[in-house]
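Source: prediction; values computed, not measured.
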Amino acid sequence: MILAGSSEATALARALADMPALAATLSLAGRTANPPPLPLPARIGGFGGVDGLTQYIREHAVDILVDATHPFAARMAANAREAASLGGCRLLKVTRPAWAVQSGDNWQEVANMSAAAEAIGPAPRRVFLTIGSLQLDAFSGASQHHYLVRTIDAVPTHRLADAVFLEARGPFNPDSEERLMRDHNIEVLVTKNSGGTAAEAKLEAARRLSLPVIVVRRPNAEIAGITVEEALALITAHHVSACRGV
Ligand code: NAP
């Protein structure tokens with residue numbers, strides 16, 4: 001079972017869809033209103049913590065749990081580690097490399113979202129927030145700023161006083177990102193260090209415009225993951241061994 005929520009989960013699911021003997025399934029948190037078509041049978045919604053996930057693993061005889069959640073989904077990652085151990089299944093952690101600062105970048109790295117809000121500074125600025133919708137309230141105290149907020153789905157509730165909302169799903173390209181930042185006279189970009197290519201264009205655009213970027217570091221950055229290709233190789237090898245009774 002693949003714990004989804006990242007482009008890596010989708011890529012792995014597409015590859016496993018061609019191997020029906022593996023009986024692969026997906027699990028989605030259900031946060032996105034219109035997820036792209038799913039290549040595998042899926043269940044949607046939380047399990048009810050570690051106990052619920054452990055029970056699910058046992059009841060469905062899950063052999064391999066693939067944590068391919070987003071690098072910032074820290075709670076699910078921790079639950080997956082514990083439940084895989086309790087439920088007696090193998091855990092694979094799939095992740096993508098973090099973005100690294102490049103020549104011409106003006107990054108300030110911070111530990112969390114409240115630190116990001118503080119790092120914008122006391123003077124009013126025009127801020128491009130690309131942090132998803134869940135932690136917008138961290139910026140409600142920094143109400144001196146104007147925010148351009150881009151999310152995949154509409155933001156249901158928020159406490160931002162001066163904000164323009166934009167709904168869009170990546171991948172984005174550097175030219176359109178640069179145009180967007182110019183059109184909105186953006187002075188600073190705030191992002192999580194999600195890594196990957198789909199959302200990377202904003203960093204290139206900020207570099208071109210010499211804009212400062214506040215980058216929220218990943219939780220559990222010390223936990224190394226494997227690539228989609230490596231996961232696929234391990235899953236197929238496991239299946240071959242199981243079929244041979246090894
Ligand atoms: P989180 O804080 O780590 O998890 C919160 C709870 O959501 C979990 O305890 C679990 O509920 C449920 N959950 C999360 N992923 C799930 C999955 N794949 N299948 C079933 N239940 C899941 O996660 P989050 O940051 O809220 O992210 C939620 C989802 O959005 C994840 O799938 C993640 O990959 C995706 N996502 C997150 C971000 C981000 O920046 N955080 C960005 C893009 C996509 P129970 O305890 O009840 O099982």
Side-chain angles (χ1 to χ4, degrees), residues 1-97 132-135 151-153 156 169 192 194-196 198 218-246:
M1 177 168 68
I2 304 168
L3 300 173
S6 67
S7 49
E8 288 68 32
T10 309
L12 185 59
R14 286 203 185 110
L16 293 178
D18 293 333
M19 305 176 199
L22 290 174
T25 57
L26 272 171
S27 171
L28 278 73
R31 300 276 158 76
T32 309
N34 296 303
L38 302 172
L40 289 174
R43 60 163 302 288
I44 298 180
F47 295 91
V50 172
D51 291 348
L53 180 54
T54 306
Q55 194 182 343
Y56 189 96
I57 288 169
R58 290 187 179 137
E59 281 178 7
H60 293 80
V62 174
D63 292 313
I64 303 179
L65 182 66
V66 183
D67 174 12
T69 53
H70 187 273
F72 278 78
R75 189 167 0 138
M76 193 68 229
N79 288 1
R81 281 195 297 277
E82 205 176 332
S85 163
L86 292 169
C89 76
R90 186 168 183 187
L91 176 71
L92 301 179
K93 169 77 188 160
V94 172
T95 195
R96 54 195 179 214
S133 59
L134 298 177
Q135 289 176 282
T151 54
I152 293 178
D153 293 317
R169 183 192 289 274
K192 298 176 193 173
S194 298
R218 290 179 174 193
N220 306 318
E222 72 289 351
I223 297 175
I226 57 173
T227 63
V228 170
E229 293 71 26
E230 288 166 333
L232 200 52
L234 289 168
I235 293 166
T236 44
H238 178 101
H239 179 65
V240 170
S241 306
C243 289
R244 285 194 192 130
V246 177

Report the distance from atom [atom1] of [X] to atom [atom2] of [Y], rounding to the nearest 0.5 Å.
| X | Y | atom1 | atom2 | answer |
| --- | --- | --- | --- | --- |
| Glu8 | Thr227 | CD | OG1 | 9.5 Å |
| Ser27 | Met76 | OG | CE | 6.5 Å |
| Thr54 | Glu59 | OG1 | CD | 11.0 Å |

Self-check item: Partner of Asp67 under salt bridge (Lys or Arg N to Asp or Glu O under 4.0 Å), chosen from Arg90, Lys93, Arg75, Arg81
Solution: Lys93

Nearest non-hydrogen partners of [X] and [Y], listed with the distance:
| X | Y | result |
| --- | --- | --- |
| Thr95 | Gly225 | CG2-CA, 3.6 Å |
| Leu40 | Ala17 | CD2-CA, 3.7 Å |
| Arg218 | Arg96 | NH1-O, 2.8 Å |
| Val50 | Ala83 | O-CB, 3.9 Å |
| Ser194 | Pro71 | O-CG, 3.5 Å |
| Pro41 | Ala24 | CD-O, 3.8 Å |

Quiz item: What residue among Leu22, Leu234, Ile235 forms side-chain contact (heavy atoms from CB on, under 4.5 Å) with Ile64?
Solution: Ile235

Quiz item: Which residue, Val66, Leu28, Leu65, Leu91, forms the side-chain contact (heavy atoms from CB on, under 4.5 Å) with Leu3?
Solution: Leu65

So do [Y] and [X] actually touch side chain to side chain, heavy atoms under 4.5 Å?
| X | Y | answer |
| --- | --- | --- |
| Leu16 | Ile2 | yes |
| Ile152 | Arg31 | no |
| Asn220 | Glu222 | yes |
| Met1 | Cys89 | no |

Quiz item: Would you say the side-chain atoms of His70 pair up with the backbone N or O of Phe72, donor to acceptor, closer than 3.5 Å?
Solution: yes

Quiz item: Can a donor-acceptor pair be found between the side chains of Thr32 and Arg169 at a distance below 3.5 Å?
Solution: no

Self-check item: Listed partners of Phe47 passing ring pair (Phe, Tyr, Trp, His ring centres under 6.0 Å), at least two apart
Solution: Tyr56

Quiz item: Would Leu92 and His238 satisfy side-chain contact (heavy atoms from CB on, under 4.5 Å), going step by step from the backbone distance to the final call?
Solution: CA-CA 12 Å; Leu92 301 179; His238 178 101; over 6 Å; no

